[in-house]
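Some notes on the structure that comes next.
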2 protein chains.
Amino acid sequence: MLLSKSCVYGLRASLYLAARNQGEFIPIRTMSDKLEISFHFLTKILQQLTAEGILESFKGPNGGVRLTREGTEIQLIDIVLAIDGPQLLTECALGLPGCGVKNPCPLHDKWAETRDAIHEMLEKTTLTELVHKGKLENLRLTTEGGFDILFDN
Amino acid sequence: MLLSKSCVYGLRASLYLAARNQGEFIPIRTMSDKLEISFHFLTKILQQLTAEGILESFKGPNGGVRLTREGTEIQLIDIVLAIDGPQLLTECALGLPGCGVKNPCPLHDKWAETRDAIHEMLEKTTLTELVHKGKLENLRLTTEGGFDILFDN
DNA sequence: TATTATTGAGACTCTTTTATCTTAAAATAC
DNA sequence: GTATTTTAAGATAAAAGAGTCTCAATAATA
């Protein structure tokens, strides 16, 4: 699996927040219901994003979480790094420690190229870009639900 | 992690076999020693490759395993599919079931492109190609050991 | 001030992956 | 045929990832 489940949930939640970003705090419970993710599990994931400064949170009634920056300024890579860390973009494909230009494994060059392609995709894609596309074409953010059902309350 | 540890071990072992392929059976114990992989764990992994027809095995004294085809005719993708299955090349980046051209997630198009790059790399790279490169430049197959130390007995 | 709605933090459980250990089966050599 | 070397298979254990539960902390509001 390319991304951990935590990371995937973090991405879906971030898209949700970017999609309805009017500056207000959204309760995690609302998101966990809409996105069909366990509330407590999602809470832990969003805590990581908050710790990394991608989200900010507010406790108490009318509390919740929101993006600290505009969706145009948040790249997928920000969320992936916050949750899964840099391993995907740094690790050797054959699992050898310290694999790099100086001390490569036989697969290093080819894997470095492929890895760069992944990196570039994650780095060039913003939340807003995906939200725009998702809204236009009513794409899915959950097994059944298109973007539209995420805004009906 | 892109590939499971089992898959990585399977790749390293396959490179080892391709590197010293003179048609003879190599004991798994020899490989597990040289590659610094737990013997029993490696045995189970190689059993999968045997079940998939990538290796053949022989029991008893002078037994072991060997490649069924020439290293020139075994691509990395063969080993990845045998051990990790097709998930890496088919799964949705946002974990949505049935994500595809017909019912995509917002990330589908971009991820499909990146995934194709991974697929192509795995599909175009043969064991022999990596072995050749590894032998020429004495690259690593293990934390410390270059290709050369794998042939000294 | 008491109640309620919310996030934060930690303990705990379940599942999957990784790794080990034991025994069986097959082939060889003596 | 018996002992030895090897893979095959399955049980068990340890570690990591995924998910749940409980309680504390904070803020709003009645």
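Keep in mind that this is a model prediction, so the values were computed, not measured. A, B, ... follow the sequence lines: proteins, then strands. Residue 1 opens every chain.
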Just the rounded figure in Å: distance from [atom2] of [N] to [atom1] of [X].
| X | N | atom1 | atom2 | answer |
| --- | --- | --- | --- | --- |
| A:I28 | D:dT26 | CD1 | C1' | 14 Å |
| B:E36 | C:dT20 | CD | P | 13 Å |
| B:I45 | C:dT18 | CD1 | C1' | 9 Å |
| B:I26 | D:dT7 | CD1 | P | 11 Å |
| A:Q47 | D:dT20 | CD | P | 16 Å |
| B:R29 | C:dC21 | CZ | C1' | 12 Å |
| B:L49 | D:dT7 | CG | P | 14 Å |
| A:M1 | C:dT15 | CE | P | 17 Å |

To check you understand the geometry: which heavy-atom pair defines the closest contact between A:L49 and A:A82, and what is its length?
CD2-CB, 3.8 Å
Does [X] come within less than 4.0 Å of [Y], counting only side-chain N to carboxylate O?
| X | Y | result |
| --- | --- | --- |
| A:R66 | A:E56 | yes |
| B:K110 | A:E129 | yes |
| A:D109 | B:K133 | yes |

Any base atoms under 4.0 Å from B:L46, or only sugar-phosphate, or nothing? Heavy atoms, all strands.
nothing
Reckon A:F58 touches a base, only the sugar-phosphate, or nothing at all at heavy-atom distances under 4.0 Å?
sugar-phosphate
Looking at the side chain of [X], which of [options] is the nearest nucleotide?
| X | options | value |
| --- | --- | --- |
| B:S6 | D:dA18, C:dT18, C:dA19 | C:dT18 |
| B:P27 | D:dT7, D:dG19, C:dT18 | D:dT7 |
| B:S57 | D:dT7, D:dG19, C:dT20 | D:dT7 |
| B:K59 | C:dA29, C:dA26, C:dG8 | C:dA26 |
| B:P61 | C:dA27, D:dA11, D:dT6 | C:dA27 |

With distance as the sole criterion, do the side chain of B:H40 and the base of C:dT22 form a donor-acceptor contact below 3.5 Å?
yes
Is it the case that the base of D:dG19 and the side chain of A:K5 share a donor-acceptor contact (distance under 3.5 Å, atom types as modelled)?
no
Indicate whether the side chain of B:T142 and that of B:E36 have a donor and an acceptor atom separated by less than 3.5 Å.
yes
Assign each of B:G63 and A:G60 to its nearest nucleotide of DNA chain D by heavy atoms, then name whichever residue's nucleotide is nearer the 5' end.
B:G63
